[in-house]
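Worksheet: one structure, shown below.
For clarity, every value in this text was computed on a predicted model and none was experimentally measured.
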Amino acid sequence: TRLNSSHIPMSYAVFCLTKKNIIIFGHTHKFDCEYKNKKLFINPGEVCAREKPIISCAKLEINTNEYIITHYFKNTNENNFMKEEFRYEQ
């Protein structure tokens, strides 16, 4: 598995030219994950919630045949995190 990370979101076309399997990016501070053309794109969100009502982060598990992304999130005025899980076959 090859990994690339970037703070500034770059175009999908640019990443398709790379040999990386996983692209982690930020800047928008909004959670997102997609699997396109055998490449996993993840924006983990924003943990500190500056001027935003939602705290968000992501956990990535890399297994032999699949990626598992767990997205944890909550409103800043709540105590407990909720989670959602995404699975993609490699």
Side-chain angles (χ1 to χ4, degrees):
T1 300
R2 297 169 189 257
L3 178 70
N4 187 54
S5 64
S6 173
H7 179 70
I8 301 170
M10 301 175 90
S11 77
Y12 171 69
V14 170
F15 282 121
C16 286
L17 300 175
T18 72
K19 293 182 180 181
K20 310 298 186 221
N21 301 56
I22 301 170
I23 297 92
I24 300 173
F25 62 97
H27 193 68
T28 63
H29 302 267
K30 293 181 183 177
F31 172 79
D32 189 22
C33 75
E34 266 187 275
Y35 191 65
K36 292 183 183 177
N37 296 328
K38 298 184 179 181
K39 296 184 186 305
L40 178 63
F41 296 83
I42 303 172
N43 183 337
E46 181 177 0
V47 174
C48 63
R50 291 174 293 172
E51 300 177 21
K52 293 187 177 81
I54 295 179
I55 296 169
S56 175
C57 64
K59 177 177 79 172
L60 169 63
E61 293 178 56
I62 302 171
N63 296 322
T64 306
N65 343 355
E66 75 176 340
Y67 300 121
I68 303 171
I69 300 92
T70 307
H71 174 220
Y72 297 92
F73 58 98
K74 73 177 190 103
N75 288 324
T76 53
N77 60 352
E78 295 176 345
N79 292 325
N80 297 319
F81 279 88
M82 294 187 292
K83 71 177 183 177
E84 57 186 343
E85 190 174 272
F86 302 86
R87 291 176 177 261
Y88 301 103
E89 288 185 22
Q90 292 188 48

Taking all atoms of both residues into account, what is the closest heavy-atom pair of [X] and [Y], and its distance?
X: F25; Y: P44; value: O-CD, 3.4 Å
X: Q90; Y: Y35; value: CA-OH, 3.5 Å
X: R87; Y: I68; value: NH1-CD1, 3.3 Å

Quiz item: Are any side-chain N or O atoms of D32 and backbone N or O atoms of N43, one a donor and one an acceptor, separated by less than 3.5 Å?
Solution: no
Quiz item: When Ile, Leu, Val, Met, Phe, Trp and Tyr are grouped by side-chain heavy atoms lying under 4.5 Å apart, directly or through other members, which residues fall in the same group as I55?
Solution: Y72, F81
Do the non-hydrogen side-chain atoms of [X] and [Y] ever get within less than 4.5 Å of each other?
X: C33; Y: Y67; answer: no
X: I23; Y: L40; answer: no
X: I24; Y: F41; answer: no
X: F31; Y: I69; answer: yes

When rounded to the nearest 0.5 angstrom, what is the spacing between [atom1] in [X] and [atom2] in [Y]?
X: F86; Y: E34; atom1: CZ; atom2: CD; value: 10.5 Å
X: N21; Y: I62; atom1: CG; atom2: CD1; value: 9.0 Å
X: K83; Y: T70; atom1: NZ; atom2: OG1; value: 6.0 Å

Quiz item: side chain to side chain donor-acceptor pair (under 3.5 Å) with S56: which of K30, H29, H71, K74?
Solution: H71
Quiz item: Around atom CD of E89, are there more than 12 heavy atoms of other residues, nucleotides or ligands at under 6.0 Å?
Solution: no
Practice problem: Kindly determine whether E84 and F73 satisfy side-chain contact (heavy atoms from CB on, under 4.5 Å), including the steps that lead there. | Solution: CA-CA 9 Å; E84 57 186 343; F73 58 98; 4.1 Å; yes
